[in-house]
Amino acid sequence: MRLSSAARAVLFALALLTGSSAALADEGAVTLVFFKGGWIFGGSAGKGVLTFKGQTYGLTAGGLDYGLVFGGSQTTLQGRVRNIRRAQDIAGVYAAAGMGVALGAGVRGILLTNQNGAVLELSGKQIGLMANVDLSGLAITLKE
């Protein structure tokens, strides 16, 4: 099947439009430190920073967990946020299902997406006594 030159031109234009929105997206560096604790229900609260296009922005983070949650821990995560056009795109609600165990020190890694399309890729250390198999939500806000 051969495409007419008009059909090829339309497909080429669509590819350019689709590619241009992704090309406009950028990435930044993220560090989050938060404390988590609970018994069945759990919660977490913390803060961090986003470095994006040479600027540093303060972040606050908090969330709720439900499932098998036991103990308390401090987690320090570092990584990047992808697919953002402006710093405000990192703000939003991130949901995840996960499991982990930390006795003393453990390693943690997460990959999350919010409603703005921002993708967090973070890894780091978890210190404390914590066991979890849960559904969790993390809300990140940008400090003004």
Side-chain angles (χ1 to χ4, degrees), residues 1 3 7-144:
M1 177 174 139
L3 293 176
R8 277 185 273 168
V10 169
L11 288 174
F12 181 71
L14 285 173
L16 284 177
L17 288 174
T18 304
S20 68
S21 66
L24 294 175
D26 208 343
E27 69 178 49
V30 176
T31 300
L32 289 174
V33 178
F34 56 94
F35 298 90
K36 183 176 183 177
W39 178 264
I40 306 300
F41 290 100
S44 61
K47 60 184 179 176
V49 294
L50 163 67
T51 304
F52 182 67
K53 294 187 177 181
Q55 300 288 322
T56 301
Y57 303 88
L59 302 173
T60 58
L64 295 175
D65 303 314
Y66 175 74
L68 172 61
V69 179
F70 168 76
S73 66
Q74 175 186 338
T75 305
T76 303
L77 298 171
Q78 294 180 321
R80 64 184 181 157
V81 58
R82 294 185 294 112
N83 200 34
I84 60 174
R85 291 173 182 77
R86 54 196 180 107
Q88 292 81 0
D89 290 343
I90 195 172
V93 176
Y94 298 81
M99 59 187 275
V101 174
L103 177 58
V107 177
R108 184 126 177 132
I110 57 174
L111 176 67
L112 303 168
T113 303
N114 74 3
Q115 74 278 3
N116 298 322
V119 178
L120 281 175
E121 297 174 358
L122 304 172
S123 62
K125 294 181 181 178
Q126 184 174 359
I127 300 170
L129 170 60
M130 185 60 131
N132 65 300
V133 177
D134 59 6
L135 296 173
S136 57
L138 177 67
I140 295 179
T141 56
L142 195 66
K143 291 182 184 177
E144 296 295 326

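Atom set for the values below is all heavy atoms of this structure, side chains included, hydrogens, waters and symmetry mates excluded. The structure displayed is predicted, hence computed values, not measured ones.
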Visitor: Which of these passes side-chain contact (heavy atoms from CB on, under 4.5 Å) with Q78: V33, T31, L32, V30?
Guide: T31
Visitor: Going by heavy atoms in the side chains, are N114 and I90 under 4.5 Å from each other?
Guide: no
Visitor: Under the rule for side-chain contact (heavy atoms from CB on, under 4.5 Å), what residues qualify as partners of T56, not counting sequence neighbours?
Guide: V49, T51
Visitor: Which residues pass the salt bridge (charged side-chain N to carboxylate O under 4.0 Å, His left out) test with R82, sequence neighbours left out?
Guide: E121
Visitor: Can you list every salt bridge (Lys or Arg N to Asp or Glu O under 4.0 Å) pair that touches residues 109-119, not counting sequence neighbours?
Guide: none
Visitor: Return the minimal non-hydrogen interatomic distance between A118 and D89, and the atom names on each side.
Guide: CB-O, 3.5 Å
Visitor: Does the side chain of L120 reach to within under 4.5 Å of the side chain of L77, using non-hydrogen atoms?
Guide: no
Visitor: Is any side-chain heavy atom of I84 closer than 4.5 Å to one of N116?
Guide: no
Visitor: For residues 38-51, pull every pair meeting salt bridge (Lys or Arg N to Asp or Glu O under 4.0 Å), keeping only residues two or more places apart or in separate chains.
Guide: none
Visitor: Over all heavy atoms of both residues, which pair between Y94 and I140 is shortest? Give the atoms and the distance, please.
Guide: CE1-CD1, 3.8 Å
Visitor: Give the minimum heavy-atom separation between Q126 and S73, together with the two atoms involved.
Guide: NE2-OG, 3.1 Å
Visitor: Which residues pass the side-chain hydrogen bond (donor to acceptor under 3.5 Å, both in side chains) test with T60, not counting sequence neighbours?
Guide: T141
Visitor: Ignoring hydrogens, what is the shortest heavy-atom contact between L122 and G79? Give both atom names and the distance.
Guide: CD2-N, 3.6 Å
Visitor: How far does CG of D26 sit from CZ of R85, to the nearest 0.5 angstrom?
Guide: 10.5 Å
Visitor: Among residues at least two apart in sequence or on other chains, which ones pass side-chain contact (heavy atoms from CB on, under 4.5 Å) with A87?
Guide: L50, F52, Y57, L142
Visitor: For S44 versus F34, what's the shortest heavy-atom pair and its separation?
Guide: CB-CD1, 3.9 Å
Visitor: Kindly write out the residues that satisfy side-chain contact (heavy atoms from CB on, under 4.5 Å) with Q115, not counting sequence neighbours, or none if the list is empty.
Guide: V93
